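Remarks on the structure that follows.
Counting convention: from 1, in listed order, for ligands and their atoms alike. Residue numbers count from 1 along this sequence. This one's a predicted model, so the numbers in the text were calculated from it and none came from an experiment.
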Amino acid sequence: MTVGIDDIAIYIPRLFLDARDFAEARGMDPDKLQRGLGISKMAIVDTNQDPACMAANACLRIMQRDNMSPKDIGRLYVATESSLDESKAMNSYVIGMLEQVYGEGSFEHCGGIECKFACVSGSYALYDNSNWIRAGEADEKSAIVVVSDIAKYDLGSSGEYTQGAGAVAMLVNDKPRLLEFDPKVTSTSIKNEYDFYRPFGKETPIVHGQYSNLLYLIQVKKALMAYKEKALATGLIKPKEGETILDHIDFLNMHLPYSNMGKKALAYLLRHEWRKLPRWKKIIEKIGMEEPTPKDPRGTIESVLADTDFMTKDHEFTKKFTKTEEFQETYDAKLSSSLIASQMIGNLYTASLYLGLRSSLEFEFQKGTNLEGKRVGFGSYGSGSSAMVFSGVILPRYKEIVKDMNLEAEIGNRVKLSLEEYEEIHENKRSPQENFLESKKEFILVDVENAPESRGERRYVYNG
Ligand code: COA
């Protein structure tokens, strides 16, 4: 049975912070952000926007574009780590907003929950909704999975330059035009960790950035190994002598807390897969040094990070590896297009991976690549921590969707914030009414109740 993504819509706030302005204001070298991390702009929410209204805006876009009515939708799941309530699920807010347009009670048949597992929960939501369809429960209806987040870190912290905001809605059904999921290969890894977390009541996360980066790589590699076993066992991928499964994945989409993390992940996974192959000998000759190993190869992440001699050599090795023709060719062909949107928008937590998919479709299409039949691999990671690796194949009707993709037009006219304006938003110094931008044809937040009996109730309107 075919199940997959039929269409994909984005909602990105129009306010942005320029990475160069930001770096100069914080006394940093702008090259660290632009070249070192791959960040040129960070999308910032206006005072009258929150993760729920971004999610509702993305859902409305996909429904309007595909002429869908609420009766065509059987499930609406929201995956986020920017939860607004400890109990009330974000999809209830989203349905409340959509019913302002489609009529009260129009979504009453539509089940769903809010899913949480840092940045990976959107992938679990997609998997669960695909299985709802595979189980024959969908009754010809589609599911909408919407991923929506505001990546917000403390002022002056090292996470502050990896912020961003936005939502991606995906229509999932049994007649997809865009991408069909490969069956029986989805694989996960999970471990109790504190690399990045946000305790109750705290607006910004506690982050151990370098630890989290390494954990991301290890967890995704473990999930990839499990995927590989399944892909070989089911015969989905049949590598020839001297090949790896990665040779059979045409495009890779990685979770992108910042765009260059995709490149780091690709280098890590290729090293892991290529070092057993004949091609590695030639690459090692080009690099001109042996691949370093930590003093304690079976040690903890802390012991590896504390092994400064290994970390320095490994960093040097990775840099040299990423300059080889073999890496560059793979990077250009499989990954580079997926990183463009992240450079323009920043971190979207749950939505980063799917903004990457959107980016690779749009920019590969612009290059004139024939995408039909190409396999897309997904490396999803959520702190705390879990990874999920899965894949899908681009379907013959993909052009119907991809031909109209235009990231800049879909974001609309972007407005640059000054550092002072950004800090006012960041520190919640303005009310929803003190917004920067006029909004049209979208949902906005108008009020959050403060009275004891209604504290936290949020009111939204559709600005038609
Ligand atoms: N010019 C060019 N590049 C520069 C530079 C300069 N002047 N200064 C530094 N760089 C490069 C570094 O070499 C490094 O690249 P490399 O690793 O490829 O060598 C990169 O910029 C980042 O520098 P680094 O010192 O490692 O950055 P940092 O200590 O400021 O931390 C993060 C970066 C990403 C770890 C930090 O921003 C963070 O924790 N962000 C949050 C991440 C997150 O959300 N994780 C959640 C789970 S995925």
Legend entry - Between Tyr258 and Gln343: side-chain donor-acceptor atoms closer than 3.5 Å: no
Mind listing the N or O contacts between ligand 1 and protein, cut-off under 3.5 Å?
unit_1: ligand 1; atom_1: 7 (N); unit_2: Asp29; atom_2: OD2; d: 2.9
unit_1: ligand 1; atom_1: 17 (O); unit_2: Lys264; atom_2: NZ; d: 2.5
unit_1: ligand 1; atom_1: 18 (O); unit_2: Lys319; atom_2: NZ; d: 2.9
unit_1: ligand 1; atom_1: 19 (O); unit_2: His315; atom_2: NE2; d: 2.5
unit_1: ligand 1; atom_1: 19 (O); unit_2: Lys319; atom_2: NZ; d: 3.3
unit_1: ligand 1; atom_1: 26 (O); unit_2: Gln210; atom_2: NE2; d: 3.0
unit_1: ligand 1; atom_1: 27 (O); unit_2: Lys32; atom_2: NZ; d: 3.3
unit_1: ligand 1; atom_1: 29 (O); unit_2: Gln210; atom_2: NE2; d: 3.2
unit_1: ligand 1; atom_1: 30 (O); unit_2: Lys32; atom_2: NZ; d: 2.6
unit_1: ligand 1; atom_1: 30 (O); unit_2: Tyr161; atom_2: OH; d: 2.3
unit_1: ligand 1; atom_1: 37 (O); unit_2: Ser158; atom_2: O; d: 2.5
unit_1: ligand 1; atom_1: 40 (N); unit_2: Thr162; atom_2: OG1; d: 3.2
unit_1: ligand 1; atom_1: 44 (O); unit_2: Tyr153; atom_2: OH; d: 2.2

Legend entry - Ser385 and Glu193: side chain donor to acceptor below 3.5 Å: no
Legend entry - Pair Thr47-Asn435, side-chain donor/acceptor within less than 3.5 Å: no
Inset, instruction - Answer yes if the side chains of Asn48 and Glu434 hold a donor-acceptor pair under 3.5 Å, and no otherwise. - result: no
Inset, instruction - Assign the ring pair His208 / Tyr197 to parallel, tilted or perpendicular, where the plane angle (0 to 90°) is split at 30° and 60°. - result: tilted
Inset, instruction - Inspect the contact between Arg279 and Glu326 and indicate whether a charged nitrogen and a carboxylate oxygen are less than 4.0 angstrom apart. - result: no
